[in-house]
Amino acid sequence: RKEVEQDPGPFNVPEGATVAFNCTYSNSASQSFFWYRQDCRKEPKLLMSVYSSGNEDGRFTAQLNRASQYISLLIRDSKLSDSATYLCVVSDGGATNKLIFGTGTLLAVQP
Amino acid sequence: DTGVSQDPRHKITKRGQNVTFRCDPISEHNRLYWYRQTLGQGPEFLTYFQNEAQLEKSRLLSDRFSAERPKGSFSTLEIQRTEQGDSAMYLCASIPPVAGVHEQFFGPGTRLTVL
């Protein structure tokens, strides 16, 4: 079983749609949780950190459920520029806090 | 540009050759990570430095791989006797010496192609 599991997609949605991505992780010791965005052939860029209380940044909302070891990302009013791969990421819970990445979910927003 | 930088951005080499990549982290970031990303996968951890000390190495880092951070600033990753399976994007990330900060900032990566 992979440490971080995501649906690889692709998710093809029209502009303006709301889309939700889910992710599960296996390491209960993980302490930090993130969503990164990665454009084709580019480096991952931090989209947002994820907290148990939930957090929102404009059109993006992230939620963490520690009991279920489940992370979600909601994108409202999708834009063409949101097309990218979204990586669910958790820290390994060890001293070095290395990151464990999911395989990513590909989002394609259609005009 | 005050972000993480990596050099070269692209490297094409023949199987069996040695290659070396460089990472310059954000100034004053004392924690530095190397990751490798193959097509269709998320990045995978390779190794971690805190200042000049290499504190963790992944089992992915075979004996053909070596990483250094001699002065606690820039880091190098060397691959000896490259194999086609080494073809990947090699990413470097850094974190400042601030308690509780765990967000990693990535450089643009070095894309290696082994022919």
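What you see below is based on every heavy atom in this structure, not just the backbone, and it leaves out hydrogens, waters and symmetry mates. As the structure is a prediction and not an experimental result, all values here were calculated from the model. Naming: A, B, ... by sequence-line order, numbering from 1 per chain.
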Ignoring hydrogens, what is the shortest heavy-atom contact between [X] and [Y]? Give both atom names and the distance.
X       : Y        : answer
A:Glu43 : B:Gly107 : CB-O, 2.9 Å
B:Leu91 : A:Pro44  : CD1-CD, 3.9 Å
A:Tyr51 : B:Glu103 : OH-OE2, 4.3 Å

Should we count [atom1] of [X] as having more than 12 external heavy atoms under 6.0 Å?
X       : atom1 : value
A:Glu15 : CD    : yes
B:Ile12 : CD1   : no
B:Leu39 : CG    : no
A:Glu5  : CD    : yes

Under 4.5 Å from any heavy atom of chain B - which part of A:Gln31: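 No part of it gets close to chain B.
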Please flag which part of A:Ser32 lies under 4.5 Å from any non-hydrogen atom of chain B: side chain, backbone, both or neither.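 Looking at A:Ser32, just its side chain touches chain B.
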As an exercise, state the distance from [atom1] of [X] to [atom2] of [Y], rounded to the nearest 0.5 Å.
X        : Y       : atom1 : atom2 : result
B:Tyr48  : A:Asp92 : OH    : CG    : 11.0 Å
B:Glu56  : A:Asn97 : CD    : CG    : 10.0 Å
A:Ile100 : B:Tyr35 : CD1   : OH    : 7.5 Å
B:Met89  : A:Arg41 : CE    : CZ    : 7.0 Å

Go through B:Gly40, B:Pro43, B:Gly42 and name the one with the most non-hydrogen pairs under 4.5 angstrom from chain A.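 Between B:Gly40, B:Pro43, B:Gly42, the count favours B:Pro43.
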With a 4.5 angstrom heavy-atom cut-off, is it the side chain or the backbone of B:Arg31 that approaches chain A, or both, or neither?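 Contact with chain A involves no heavy atom of B:Arg31 at all.
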Where does B:Gln37 contact chain A at under 4.5 Å (heavy atoms): side chain, backbone, both or neither?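 The side chain, not the backbone.
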Give the cluster check for [X] versus [Y]: same hydrophobic cluster or not, with ILVMFWY residues linked at side-chain heavy-atom distances below 4.5 Å.
X       : Y        : value
A:Leu64 : A:Met48  : yes
A:Leu46 : A:Leu107 : no
A:Leu73 : A:Val19  : yes
B:Phe45 : B:Leu32  : no

Can you run down the side-chain hydrogen bond (donor to acceptor under 3.5 Å, both in side chains) pairs that involve residues 9-21 of chain B, sequence neighbours left out, and say none if there aren't any?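 Of all non-adjacent pairs touching residues 9-21 of chain B, none passes side-chain hydrogen bond (donor to acceptor under 3.5 Å, both in side chains).
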May I ask you to test the A:Phe34-B:Gln104 pair for a side-chain heavy-atom distance under 4.5 Å?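 They are not in side-chain contact.
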Any side-chain to backbone donor/acceptor pair from B:Tyr33 onto A:Leu99? Under 3.5 Å, distance only.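 Between the backbone of A:Leu99 and the side chain of B:Tyr33 there is no qualifying donor-acceptor contact (under 3.5 Å).
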